[in-house]
Amino acid sequence: MTSASDPGFLLSYGTNVHPGESIAEIIRDLRQVAIPLKAMLAPTSPFPLPLRLGRRAWQEWETSESARADLRTFLGQAGFVPYTVNAFPCGEFQ
């Protein structure tokens with residue numbers, strides 16, 4: 001049987017299901033859903049997390065050192081490993 005801690009098994013949680021448009025909203029959504037999910041699936045292991053950045057979050061990432069630091073700090077403290085980024089610069093969430 002495989003598990004989230006098995007190196008041959010990669011399970012992640014994509015943030016494209018959350019409507020947060022700013023980095024603060026993305027962090028809020030991850031606190032509410034992804035942290036409890038990680039606690040159940042990989043409590044002691046890093047957890048892969050593909051990020052979705054809409055136009056507003058991407059603009060914040062490009063222009064705000066503090067927004068980048070906030071996201072990096074949150075991801076590191078939560079044990080998330082962002083291994084892909086889906087950028088949707090053309091409009092708001094679906």
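Positions are given from 1, in the same order as the sequence printed here.
- The side chain to side chain contact (heavy atoms under 4.5 Å, CB included) with Asp70 is formed by just one residue from the set Ile26, Leu75, Ile27; it is Ile27.
- Of the options Arg52, Arg55, Arg56, a salt bridge (Lys or Arg N to Asp or Glu O under 4.0 Å) to Glu21 is made by Arg52 and by none of the others.
- With hydrogens and angles ignored, the 3.5 Å screen pairs no side-chain donor or acceptor of Lys38 with any backbone N or O of Pro48.
- Taken to the nearest 0.5 Å, the CD1 atom of Ile35 stands 9.5 Å off from the CD atom of Gln77.
- For the atom pair CD1 (Ile23) and CZ (Arg28), the distance works out to 13.5 Å, reported to the nearest 0.5 Å.
- Looking at Glu25, its side chain does come within 3.5 Å of a backbone N or O of Ser22 through a donor-acceptor pair.
- Side-chain contact check for Phe47 versus Val81: every heavy-atom pair is 4.5 Å or farther apart.
- With sequence neighbours excluded, the residues forming a salt bridge (Lys or Arg N to Asp or Glu O under 4.0 Å) with Glu65 are Arg68, listed by chain and number.
- Atom OH of residue Tyr83 and atom CG of residue Leu49 lie 8.5 Å apart, to the nearest 0.5 angstrom.
- Here OG of Ser64 is found 11.0 Å from CG of Leu71. Values are rounded to the nearest 0.5 Å.
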